[in-house]
Every structure is written in structure tokens, then in C-alpha cells.
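Quick note: residue numbers are just sequence positions, from 1.
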Amino acid sequence: MRKIFFLLSIISVVAAAQTASVKVSYLQVAPSINDRAKSSQSDMMLLSGTDGSKYYNTVSQYCDSMTATPEGKKKLSQIQMAAWMTTAADGSMTIDMTRGNAPQKKVHTYVVKDFRKGTMTVYGRWSNESGRYTEPTGEQEWEIIADSTRTVMGYECVKARTNYHGREWTAWFSPEIAVQDGPWKLCGLPGLILLAESAPGFRFEATGIEKTAEEIGPVYKADTYPTVDRKKALADHEYYLNNRESILKAQYGVKINNTTDTPKFDPQSQAYEPDYR
């Protein structure tokens, strides 16, 4: 009986595994949270197949894979300390996390789409707390402007527009690549989205495309992300960003000297989804 159960378990795991048909790298650009005159940039990856996809940052995923086990967590810490730590002649040690090229988790977002169920699950970090939420993929109602085309990454793309969660997006998708997917949460067009933009400075731009048979693995430690409400999480995050110093002082009893005049977080110009207001 145990052998039968074991075999059934293996079959269910194999059935649950999803394989990608295309691997796309994107440059993700957004207005900086700390300085509105600047932008923040992240290198992201999309693994997409018939049944689903995952959008993530490869360095962050590597860090999560390492910290999933005590041995990996220790090894990652050793790699980071070797790059960041310097010892002076008097024996004193300093740590500079900007030194070297040690892997460091800076992007906390994973977007996992399930095309069979018509859902997407977002794993992230808001107001300094991890969480996840699931929503339907069909909320994006696209208007395709068939007579407007441009070339992106050598592919002829067609223009489309949608208003999604409070932001107007213009996307360019390639019917040549028969994947109804795209960067971040954007999807649902008859072709892969290679470029998407929204004022005043949000952009997803494909920088590389290749065919693949890579397995779309799960999010590491997915069960450690508690379920949250999207709008509440975003509202809490805005409050946290605008009150970080007082919150940290109350929690840890430390005072943070803020030497710059950081303007308040403005959802209309800095949030991907300002509809929570």
C-alpha cells in the first residue's frame, strides 16, 4: 500500500511540473521611491509555457534557494561576508554591502500565472512584511490598435492599450510569438508582450528572447508567505514608506538620521497600482 501511495505521489509531482517554451529577459524601470528625479531598474526574467509562467529576478531567486536550507543560508552568508567585509591594520572590521558582486536579494516580487485556472498569484513584500494574493488574469481588457506597429527585438509588434488597477498601459506584442503572456502581471494578448509603458516612467522592455524547455519551478518557501488583501497591503506599504523612521524607532528603539528631504510617496506617480486609494 505504501509503495502504491509513493508511486502516486511521484506521478502527482511530475504532473504538477510545468515546462516553459520561451524565456524572456526584461529590463524593469520605475520611478525611484526615494528620489522622483531618478528611476530604479531591475533585471527580470519570464519563463512562460502553455499552462503557466513565472516572472522573477534571478539573483533574488538564487538567494531564496540558498536560504531555503540551513546549509545554503550559511554558505550564502559566507559568500556575502567575504565580499563585503574588510579588516583594517588595527584589526577593526567594516562591512560595506555595496562592495563586490555578492548575490543579494533586492527584488522581492514573484508573479506566478496559472493559465489553466485563469489566475495569477503575486508574492511580494509590503510594509516590511512578506505576503501573497491571488487574482484573475482576465481583469485586463485590451484595446488592440491593429494599424499601429513597431519593431521590438527584431519582431514586428502591434500596439494595445488597457487601464489596469488605476494605470493606463500601452503595450507592444508580437503575434509571431504565440504566448499570451508578458512581464509582471500583464497578459492576455494574442502574442508575447515585448514592451509595455505607463506614464510617468514605468516600463518593461524585453532585452533577450530564447526558446527553452526549462521547468517552471515553484517559488521557494511559498508557504511562508501569508495571504494578504492586495489593496490593504499596498495602503499599508504607502504608510510604511512615509513613516519609516517613526515605525522603526517604535519597534527597535533606534533613531534614524535622515539627511535628505525625502518627499512623501505618491501613488499616482510611484505606484504600479494606484487604485488602492
Partner residues of Tyr133 under the ring-ring contact (aromatic ring centres under 6.0 Å, His included) criterion, sequence neighbours left out:
Trp126
So, the side chain of Arg277 versus the backbone of Ala235: is there a donor-acceptor pair under 3.5 Å, distance only?
no
Do you know the tightest heavy-atom contact between Gln180 and Cys187?
O-CB, 3.6 Å
Any chance you could lay out the side chain to side chain contact (heavy atoms under 4.5 Å, CB included) test for Thr109 and Asn57, step after step, and finish with the verdict?
CA-CA 8 Å; Thr109 301; Asn57 175 266; over 6 Å; no
Taking all heavy atoms of Leu186 and all of Ala196, pick out the closest pair and write down the distance.
CD1-CB, 3.5 Å
Report yes or no: does Arg167 contribute a side-chain atom to a donor-acceptor pair with the main-chain N or O of Gln268 at less than 3.5 Å?
yes
Under 3.5 Å, side chain of Thr19 to main-chain N/O of Ala213, donor-acceptor pair present?
no
Are Trp142 and Tyr272 connected in the hydrophobic side-chain network, where two residues link if heavy atoms are under 4.5 Å apart?
yes
For Ser25 and Thr207, does a side-chain donor sit closer than 3.5 Å to a side-chain acceptor?
yes
Hydrophobic cluster identity match, Leu234 and Ile33, side-chain contacts under 4.5 Å:
yes
Under a 3.5 Å distance rule, please check whether Glu135 uses its side chain to pair with a backbone N or O of Met120 as donor and acceptor.
no
Do other residues, nucleotides or ligands put more than 12 heavy atoms under 6.0 Å from Tyr276 OH?
yes
ring-ring contact (aromatic ring centres under 6.0 Å, His included) against Tyr225, all qualifying residues, sequence neighbours excluded
Tyr123
Please assess Ile209 against Met153 for the test side chain to side chain contact (heavy atoms under 4.5 Å, CB included), listing each intermediate value before the final yes or no.
CA-CA 8 Å; Ile209 307 171; Met153 291 290 297; 4.3 Å; yes
Heavy-atom nearest pair, Ile216 first then Ser53, reads CD1-CA, 4.0 Å
Glu141 versus Tyr164, side-chain donor and acceptor atoms under 3.5 Å
no
ring-ring contact (aromatic ring centres under 6.0 Å, His included) involving Phe115 - partner list, sequence neighbours excluded
none
Got a sec: does the CD of Glu168 have more than 12 other heavy atoms crowding it under 6.0 Å?
yes
Does NZ in Lys221 sit with more than 12 non-hydrogen atoms of other residues, nucleotides or ligands closer than 6.0 Å?
yes
Taking the six-membered ring for Trp, are Tyr55 and Tyr110 closer than 6.0 Å centroid to centroid?
no
Main-chain N/O of Ser127 paired with His237 side-chain donor or acceptor, under 3.5 Å:
yes
Qualifying residue for salt bridge (charged side-chain N to carboxylate O under 4.0 Å, His left out) with Asp181, from Lys23, Lys113, Lys54:
Lys113
Do the side chain of Ser42 and the main chain of Met44 share a donor and acceptor less than 3.5 angstrom apart?
no
Are Trp169 and Phe204 an aromatic pair, judged by ring center distance below 6.0 Å?
yes
Between Thr134 and Thr119, do the side chains contain a donor N or O and an acceptor N or O under 3.5 Å apart?
no
Results of ring-ring contact (aromatic ring centres under 6.0 Å, His included) for Phe265 - residues two or more places apart only:
none
Contact check, side chains of Tyr26 and Leu46, non-hydrogen atoms, under 4.5 Å:
yes
Main chain of Gly154, side chain of Thr151: is a donor-acceptor contact present, judged purely on distance under 3.5 Å?
no
Taking only residues two or more places apart in sequence, or in another chain, which ones meet Glu273 in a salt bridge (charged side-chain N to carboxylate O under 4.0 Å, His left out)?
Lys185, Arg230
Quick one: salt bridge (charged side-chain N to carboxylate O under 4.0 Å, His left out) pairs with a partner in residues 61-76, sequence neighbours left out?
Asp64-Lys105
Would the distance check show the side chain of Ser246 and the main-chain N or O of Asn243 forming a donor-acceptor pair, the cut-off being under 3.5 Å?
yes
State, without any angle test, whether Ser130 and Arg125 hold a side-chain donor-acceptor pair at a distance under 3.5 Å.
yes
